[in-house]
Amino acid sequence: MLDILTLPVSPFSQNCRLLIHDEKRTAVVVDPGGNANLIVSALEQNEAQPVAIVLTHIHLDHVAAVGALLKKYPNLPIYGPQQDDASLLLALDQQSAAFGFAHTGSFTPQYVTDGQVLKLFPDASFKVLYTPGHTPGGVCYYCQEETFVLTGDTLFAGSIGRTDFPGGSFEDLITSIKSKLLVLPDETEVFSGHGPDSTIGAEKKSNPFL
């Protein structure tokens, strides 16, 4: 039903995900952290029309291409993260300057809440899992129909997100992972913001942080 393309973008090799409906040819862009031209090219090559941008959290390497995508697709809605990341949105210009990035362009997301369900495809929905720790308003998105979860920088294969950035909390992150992610079925695929894919079962067994 959904074809999932992984595009490593930005100098941080962040995993931008394109979720493309194999019949409708509609697409959801997850965490476009840079290289807007690459993202647009991939959409066009796959004859896919984006219907939404979804954000797991507001760090530069996950949102830097949002402004450019909105110039190409001006009416595209932006969902996520949770409201507590609003202060990070206001600080994006400072983040850009600190890392030598060009201005990211302003955007206004529709903040999501824990348990909210986004019906972004006719036959696939995404349940919002509020997972603070890496950022105050970080979220993950669980697609039960396709048995995967988009974890952003909350959970990686064999690791977890950093908590030394402003608003980070190691205790909150571990609580989030154990209460919201490790309760998912073991076969659930973990699509994280950096690095290789995994499964919930594999992380339960071998992740040294858990």
Visitor: Under 3.5 Å, side chain of E203 to main-chain N/O of G158, donor-acceptor pair present?
Guide: yes
Visitor: Test your reading of the model: is there a side-chain donor-acceptor pair from T199 to the backbone of A202, 3.5 Å cut-off?
Guide: yes
Visitor: Partners of Q110 by side-chain contact (heavy atoms from CB on, under 4.5 Å), sequence neighbours excluded?
Guide: P77, Y79
Visitor: Would you find a donor on one side and an acceptor on the other, under 3.5 Å apart, between the side chain of T151 and the backbone of C140?
Guide: no
Visitor: List the atom pairs, with distances to 0.1 Å, where a side-chain N or O of residues 51-63 and a protein N or O form a donor-acceptor pair under 3.5 Å, not counting sequence neighbours.
Guide:
{"unit_1": "T56", "atom_1": "OG1", "unit_2": "D31", "atom_2": "OD1", "d": "3.4"}
{"unit_1": "T56", "atom_1": "OG1", "unit_2": "D31", "atom_2": "OD2", "d": "2.7"}
{"unit_1": "H59", "atom_1": "ND1", "unit_2": "H134", "atom_2": "NE2", "d": "3.1"}
{"unit_1": "D61", "atom_1": "OD2", "unit_2": "H194", "atom_2": "NE2", "d": "3.2"}
{"unit_1": "H62", "atom_1": "ND1", "unit_2": "Q14", "atom_2": "NE2", "d": "3.4"}
{"unit_1": "H62", "atom_1": "ND1", "unit_2": "D31", "atom_2": "OD2", "d": "2.8"}
{"unit_1": "H62", "atom_1": "NE2", "unit_2": "D153", "atom_2": "OD1", "d": "3.1"}
{"unit_1": "H62", "atom_1": "NE2", "unit_2": "D153", "atom_2": "OD2", "d": "3.1"}

Visitor: Please answer whether the main-chain N or O of E171 pairs with a side-chain N or O of T175 as donor and acceptor at a distance below 3.5 Å.
Guide: yes
Visitor: Report yes or no: does D22 contribute a side-chain atom to a donor-acceptor pair with the main-chain N or O of L2 at less than 3.5 Å?
Guide: no
Visitor: Going hydrophobic residue to hydrophobic residue with side-chain gaps under 4.5 angstrom, can you get from V9 over to L92?
Guide: yes
Visitor: For S10, is there any backbone N or O sitting under 3.5 Å from a side-chain donor or acceptor partner on N35?
Guide: yes
Visitor: Quick check for you: to the nearest 0.5 Å, what is the distance between K72 atom NZ and I39 atom CD1?
Guide: 13.0 Å
Visitor: Hey, does the side chain of K119 reach the backbone of P122 with a donor-acceptor pair shorter than 3.5 angstrom?
Guide: yes
Visitor: Which distance, rounded to the nearest 0.5 Å, do you find between the CD of Q49 and the CD1 of I20?
Guide: 11.5 Å
Visitor: In terms of heavy-atom contacts, does NZ of K204 have more than 12 from other residues, nucleotides or ligands at under 6.0 Å?
Guide: yes
Visitor: Would you mind checking if K24 and D123 are paired as a salt bridge, meaning a charged N to carboxylate O distance below 4.0 Å?
Guide: no
Visitor: Looking only at atom types and distance, does a side-chain atom of R17 sit under 3.5 Å from a main-chain N or O of S192, one as donor and one as acceptor?
Guide: yes
Visitor: Could you tell me which residues satisfy ring-ring contact (aromatic ring centres under 6.0 Å, His included) with Y73, sequence neighbours excluded, listed by chain and number?
Guide: none
Visitor: Indicate yes or no for a side-chain donor-acceptor contact from Q82 to the backbone of D84 under 3.5 Å, with no hydrogens or angles considered.
Guide: yes
